[in-house]
Amino acid sequence: MELLEQGRQVLWSQALQTRSDLSELAAVAPVLADELDRTRRELDGAEAAQFVELPAHPGWELGRDLLTSALGGPHRAETEDAGHRRRLAERWEQLVAEARRRPGFAGFLRPPSFADLQPATAGGAAVLVNTSRWRSDAIIVTADGVRAVPLPWLSHDTAQQRAVAFLKAQRAAEEGGGPAERVALRQTLVTLQRWLWDTVGEPVCAALDDVLGSAPDRRHRVWWCPAGPLTMLPLHAAGRFGASAPLAAKRRISVAARCVSSYTPSLTALLRARAASASPGPPRAFAVGLGVLPGQAPLPAVSDELRAVSSHVPGLRVLTGRSATVEGVLTALGQHGWAHFACHGDQDFERPSAAALRLVDGRLSVLDLAGRLAARSRSAGGADLAYLSACRTAAGGRDLPDEAIHLTAALQMAGFRHVIGSQWAVSDRVAAQVADDVYAGLRAGERLDADTAAVALDRAVDRVRRAHPDRPELWAALIHTGP
């Protein structure tokens, strides 16, 4: 688990963890933090220069930079730059060692141990699902230990094929598809749900009953952490629904009947989200609404959704039209602990730090968010909830399927404790209804509690599922990331 966790952090660390840790160091040792940041940027430039362009191939390759690195020798530029890179790396190690000698920074940029990670799963279990051409397993982590659950019927090749077929069906339905394409997406999803239940959901739920205890009406608290092509698939929606939904509910033959599900990009991210303190007092919230943006598809339900959110969140500040600028949103982030985004998002699957929200005057990147949220976490208790009501903000990467590279996970890595996003496009009507129900579910007496986000989303989705059990494309897309 320590090795898996360290590997999962690789693509995130330079963009987000390093920046956050440097922000904390800068508060006590600004000169050292500045030198580390300068050396990191030089290393980034040197590393980018050593790779050559590789032709693009269809399928599930690891992505240009990772593949080039893995192939090694023939694809590395063997010039005098190698010596420069080595000197930069040595300087980086020296500076990191100096930082770790300072009081309170012994763990600076150091991967956590398994003992450090276990508290992240308090009250439930994290389930890492991994496939390879040799074998497939689910690794269940609880506060008491770790357990490997063999998944003999989960084939890596089949998982890739299922993910590719699912993405093709999504694309066909979203790009102006008619009734036939929408029906094809529904059929693909129903078949996918059943396959996920048979290969992953049922054996994992049985193991969770053994590890956490079972009862006829008990539902386990689970954080899914998939790898490989499974990052593209809705593990939380695995099950046998369709016309036999009442029977399925009675027999508990679905993950939804057995678990309250969330996702996490890593145990480190979950641990940090748990450790972050909530903003004191009533939530200060703002919403961004851009239903019309040049060059982007219209989002006609934005106004209805903002009205629904406003009805539940007193004092909601709304940024729309010309006020929804990059600087305006960054300023709002420094003043508010809750954010609702009803706008388009961009994802760069090779560079997660380039993921961004599209605003009226440009793109608000994850790096911008990371810097602002790191500063806020020291002064105002961090950021509590981000609700991303946009298409595919929680969809994994086509080029890097071995990491959960999407905007929802990136926002949690950047500092939000709870993030709600969507794995594919949902209808405007359903999106507005679910948002209305989620915010209603966050109310605890006279106040709103972000820590009930997972349960509130679970209940809101269940209402849609009960009304349309045979239409998972309407209710299975929305997910929660966080504790």
Side-chain angles (χ1 to χ4, degrees), residues 1-10 12-13 16-18 20-21 23-24 100 103-130 137-149 204 207-213 218-227 235-236 259-280 337 373-374 377-378 381-386 404 408-419 449-455 458 479-483:
M1 274 307 304
E2 291 174 347
L3 290 172
L4 287 168
E5 185 73 10
Q6 187 173 356
R8 177 49 70 89
Q9 291 293 310
V10 168
W12 294 102
S13 60
L16 300 176
Q17 180 183 332
T18 300
S20 176
D21 285 357
S23 297
E24 296 175 5
R100 289 173 178 170
F105 287 87
F108 181 76
L109 297 181
R110 202 185 294 276
S113 68
F114 180 69
D116 294 331
L117 294 169
Q118 278 186 278
T121 64
V127 181
L128 188 145
V129 187
N130 183 65
D137 298 87
I139 300 176
I140 298 177
V141 181
T142 68
D144 296 323
V146 61
R147 174 173 174 175
V149 180
V204 167
L208 288 170
D209 286 344
D210 188 45
V211 172
L212 299 176
R218 177 170 182 173
R219 299 174 72 207
H220 304 300
R221 186 71 177 95
V222 173
W223 293 272
W224 297 97
C225 189
L235 289 170
H236 65 286
C259 305
V260 176
S261 292
S262 295
Y263 286 81
T264 184
S266 68
L267 292 185
T268 300
L270 182 58
L271 189 65
R272 288 189 174 191
R274 281 185 177 275
S277 58
S279 301
L373 293 171
S377 66
R378 294 192 301 272
D384 293 330
L385 173 68
T408 299
L411 283 172
Q412 195 202 26
M413 295 289 289
F416 279 101
R417 296 191 304 119
H418 300 275
V419 188
D449 184 4
D451 287 332
T452 62
V455 173
D458 178 79
I479 67 166
H480 168 264
T481 298

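All residue numbers refer to positions in the sequence shown, counting from 1. Keep in mind that this is a model prediction, so the values were computed, not measured.
Side-chain contact between V222 and H236: absent, with no pair of heavy atoms (C-beta onward) separated by less than 4.5 Å. L208 is listed as a side-chain neighbour of I140, based on a closest heavy-atom distance under 4.5 Å.
Annotation for A454 and H480: closest pair CB-ND1, 3.6 Å, computed over non-hydrogen atoms. Closest non-hydrogen pair, V204 versus A138, comes out as CG2-CB, 3.6 Å. The two residues P483 and A273 make their nearest non-hydrogen contact at CD-CB, 3.6 Å. T264 approaches S266 most closely through the heavy-atom pair OG1-O, 2.6 Å. Annotation for L271 and A120: closest pair CD1-N, 3.6 Å, computed over non-hydrogen atoms.
The closest donor-acceptor contact from the side chain of D449 to the backbone of D451 lies under 3.5 Å. D458 places no side-chain N or O within donor-acceptor distance of the main-chain N or O of V455, the cut-off being under 3.5 Å. A donor-acceptor pair under 3.5 Å is formed between the side chain of R100 and the backbone N or O of F108. Put simply, the side chain of Q118 gets close to the backbone of A143: a donor and an acceptor are under 3.5 Å apart. Distance alone, capped at 3.5 Å, is enough to place a donor-acceptor pair between the R218 side chain and the L212 backbone.
Under the salt bridge (Lys or Arg N to Asp or Glu O under 4.0 Å) criterion, R221 pairs with no residue, sequence neighbours left out. The side-chain contact (heavy atoms from CB on, under 4.5 Å) check on L117 picks up E5, P112, L267, T268, with sequence neighbours excluded.
Distance check: R274 CZ to T121 OG1 gives 7.5 Å after rounding to the nearest 0.5 Å. To the nearest 0.5 Å, atom CG of residue L385 and atom CZ of residue R417 are 9.0 Å apart.
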Between L235 and Y263, does a side chain to side chain contact (heavy atoms under 4.5 Å, CB included) hold up when you go through it step by step? CA-CA 10 Å; L235 289 170; Y263 286 81; 3.8 Å; yes
Should V141 and W223 be marked as a side chain to side chain contact (heavy atoms under 4.5 Å, CB included) after you check the CA-CA gap, both sets of side-chain angles, and the distance that decides it? CA-CA 10 Å; V141 181; W223 293 272; over 6 Å; no
